[in-house]
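This report concerns only the one structure given below.
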Number of protein chains: 2
Amino acid sequence: MTRRTGRDGSSAAPRSVDVARLAGVSQKTVSRVFNDEPYVSDAVRRRVLEAAEELGYRRNNAARALASGRTRSIGVVTLGTALFGPASLLMGIERAVRDTGYALRVVNTVEGDPDGIWGAVDSLLDQGVDGIVISEPIDEPGDGGNQRDLSVAVPVLVLGAPPPFDAATVLAAGGGADLMARAATEHLLGLGHATVHHLAGPQRWYAARDRLDGWRAALAAHGRHEPPVIEGDWSAASGFAAGRVLAADPEVTAVFAANDDMAIGLIRALTEAGRRVPQDVSVVGFDDVPVAAYVTPPLTTVRQPFDAVAQEGLKRLVHAIENPQADPLPASVPAVDLIVRASTAPPPNRVQSGLTTGGAKQ
Amino acid sequence: MTRRTGRDGSSAAPRSVDVARLAGVSQKTVSRVFNDEPYVSDAVRRRVLEAAEELGYRRNNAARALASGRTRSIGVVTLGTALFGPASLLMGIERAVRDTGYALRVVNTVEGDPDGIWGAVDSLLDQGVDGIVISEPIDEPGDGGNQRDLSVAVPVLVLGAPPPFDAATVLAAGGGADLMARAATEHLLGLGHATVHHLAGPQRWYAARDRLDGWRAALAAHGRHEPPVIEGDWSAASGFAAGRVLAADPEVTAVFAANDDMAIGLIRALTEAGRRVPQDVSVVGFDDVPVAAYVTPPLTTVRQPFDAVAQEGLKRLVHAIENPQADPLPASVPAVDLIVRASTAPPPNRVQSGLTTGGAKQ
DNA sequence: GTGAAAGCGCTAACAG
DNA sequence: CTGTTAGCGCTTTCAC
């Protein structure tokens, strides 16, 4: 038996011709069987499959990609962090990609990376992906000139942000964070707080700006005074630092933090300063991290529909890949999912102590 | 100018021959330049690079892979969860892979997935990767027969577990969790606790078993009584449930939880039951999640060196890929990094209340 | 230092 | 329903 061998003597991987020979058909027929093409009799199909099985045949993807011009893979650009939001989105994307039959290639961007998103997209393009997902982008520090004239010929899906650039097709998904932030703020207002402070995320992140916008919109809609914003960096440590400042201000009775980690740090600082949560100060987080229900006090927060967003976004991306000429599928706005736990309550009624009774509303 | 065009009229991507023509050299020379091969004069090199730049040339990876038999990519099998450990490891792997110049393909396994790791490895093999990383594996439910005779010809790196199978080359990295667990337990013992309870992770995970082993070893080494183990599922919710049980037992003065989330849930349950942490019960976690320092009380825990483990593992994997015949590089044992915060203290000295004074130490 | 020729293993037309 | 003929854009081998 003539068997091709590698230079180290190991037998080389079987090719479709080998299968064809063994099955007594043409190579093209093997190809047909493996691509689930019609017009192959069941008998032949079975024979081919058996031969393939016997040889341990596996299609060569490089050859497939070269011949067809498609790699059947989707690239994703993520932040190189294990932060709950980005990590959850990545998992959601992986799950969604698998359902589509594409393979997933991942590139991280590192905060402060000179090349940033562009470098990542470039490397994905080098790898030859059929579509790109950009997850939770942040702005470039030196905006503008940095954005080299990358010509992106494949469809791009941007998650959680407005499309940052021009490409053949740009899809956006996962908006609605502003609405969620607004709901969080209104929950606090509804409890009777005169206004709500905001512990924002780093403003270079679209996600952080969205939440800030939602908070602002809620205050504006209710004609409330907008206190100065404190900016954190998503970490519990930054929440703690902010909490020290906020604790010193007796006017503060309600805070909306842009994520749960900061909310947790914030609560710790308030507690250490002798301001009880929620009796003295109410706190709302964002994300609904797994421990949110078990910290002290259990955190009122907003849950983000990462999986749904990823799934819908990918469906639309794959549609754009496979139907380049067709109109893109429409996006939907995710539902708001506010989870009320024990970190929020009506404000202490000290302001009304001079009055007769203690009505809480407004 | 004759320009190849796609069927939609868009001009097709330039190939190396196009660059060669423009630069007035042979196609092979272009190839040489892009592969940084020697024996190309500087003048020619420059000319080629300029031509490539002008055309916007980008190497076709599929063709490269087909011709060379190498895809220059590494596949990683991860758990489909945003749990801090797995997610951190994945990020570490991405970073490490990028440094090696390989591309990253990601496949998740879903808990309870019938195909499990094998399906994931299979799909990676289909994609044609040069090496595989299996991160934090868990056992298959139906062990044994499930492990189909996949012939894995590429090197495999298993992170955080003993190699679960036979392949051309199998490397292990990221062990030492048992030592870390042992250190955590001994910290508690050193504080004077008579024994230490263990809130274990799901025992299908190697990581959980490692930690259990370390705890057990510590107790044995000090001749302490080994209380029954409670098993959680890594979640704060399961920690909370365990905490309710543990809180009812006055014998419990120290608990080592297999991860921080469970420790946080546990603390909440203890607190709700009126058992103060750390005055009545000490708790140690595992992972050092970002919020660990800011929960109440700040958590004593063990920090895992995800990045270092990923980096070292990948260096060894790449070595195995590129030097198939050579001996694998040796693994090192990561250092133990116990972070002592406020959730641990000497035991309450109720047992000594009958005695004269209340010395704490052992 | 450089180039010519020959595939890598598959898919894409088209022909029967 | 099945087979034939050409490439896809590179790397490889060997020649100059």
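The basis for the numbers below is simple: all heavy atoms, side chains too, and nothing from hydrogens, waters or symmetry mates. The chains referred to below are lettered A, B, ... by the order of the sequence lines, with proteins before strands, and numbering in each begins at 1.
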Self-check item: Residues forming a side-chain hydrogen bond (donor to acceptor under 3.5 Å, both in side chains) with A:D126, sequence neighbours excluded
Solution: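 Checked A:D126 against side-chain hydrogen bond (donor to acceptor under 3.5 Å, both in side chains); matches are B:R58.
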
Exercise. With sequence neighbours excluded, tell me which residues meet side-chain hydrogen bond (donor to acceptor under 3.5 Å, both in side chains) with A:Q311.
Key: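 Listed in chain order: nothing, the list is empty.
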
Rounded to the Å, how far apart are [X] [atom1] and [N] [atom2]?
X	N	atom1	atom2	answer
B:D36	C:dG1	CG	C1'	16 Å
B:L66	D:dC10	CG	C1'	8 Å
A:R70	D:dG9	CZ	C1'	19 Å
A:F34	C:dG9	CZ	C1'	13 Å
B:Y39	D:dC16	OH	C1'	16 Å
B:R21	D:dG9	CZ	P	12 Å
B:D42	C:dT2	CG	C1'	15 Å

Quiz item: Taking only N and O in the side chain of A:S41, is any of them less than 4.0 Å away from OP1 or OP2 of D:dC1?
Solution: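 No.
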
For nucleotides 10-12 of chain C, tabulate all protein N/O to nucleotide N/O atom pairs closer than 3.5 Å, reporting atom names and distance.
unit_1	atom_1	unit_2	atom_2	d
C:dC10	OP1	A:Y57	OH	2.5
C:dC10	OP1	A:N60	N	3.3
C:dC10	OP2	A:S16	N	2.5
C:dC10	OP2	A:S16	OG	2.6
C:dT11	OP1	A:N35	ND2	3.3
C:dT11	OP1	A:R64	NH1	2.9
C:dT11	OP2	A:S31	OG	2.7
C:dA12	N7	A:K28	NZ	3.4

Compile the donor-acceptor pairs under 3.5 Å between side chains in residues 47-57 of chain A and protein atoms, sequence neighbours left out, one pair per line.
unit_1	atom_1	unit_2	atom_2	d
A:R47	NH1	A:A23	O	2.6

Name the atoms and distances for all side-chain donor-acceptor pairs under 3.5 Å in residues 89-96 of chain B, with sequence neighbours left out.
unit_1	atom_1	unit_2	atom_2	d
B:E94	OE1	B:R98	NH2	3.0
B:E94	OE2	A:N108	N	2.9
B:R95	NH1	B:D307	OD2	2.8
B:R95	NH2	A:G80	O	3.1

Quiz item: In chain order, what residues pass the salt bridge (Lys or Arg N to Asp or Glu O under 4.0 Å) check against A:R21, with sequence neighbours excluded?
Solution: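 Checked A:R21 against salt bridge (Lys or Arg N to Asp or Glu O under 4.0 Å); matches are A:D18.
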
Self-check item: Euclidean distance, A:D36 CG relative to A:R45 CZ, rounded to 0.5 Å
Solution: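 It is 6.0 Å, given to the nearest 0.5 Å.
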
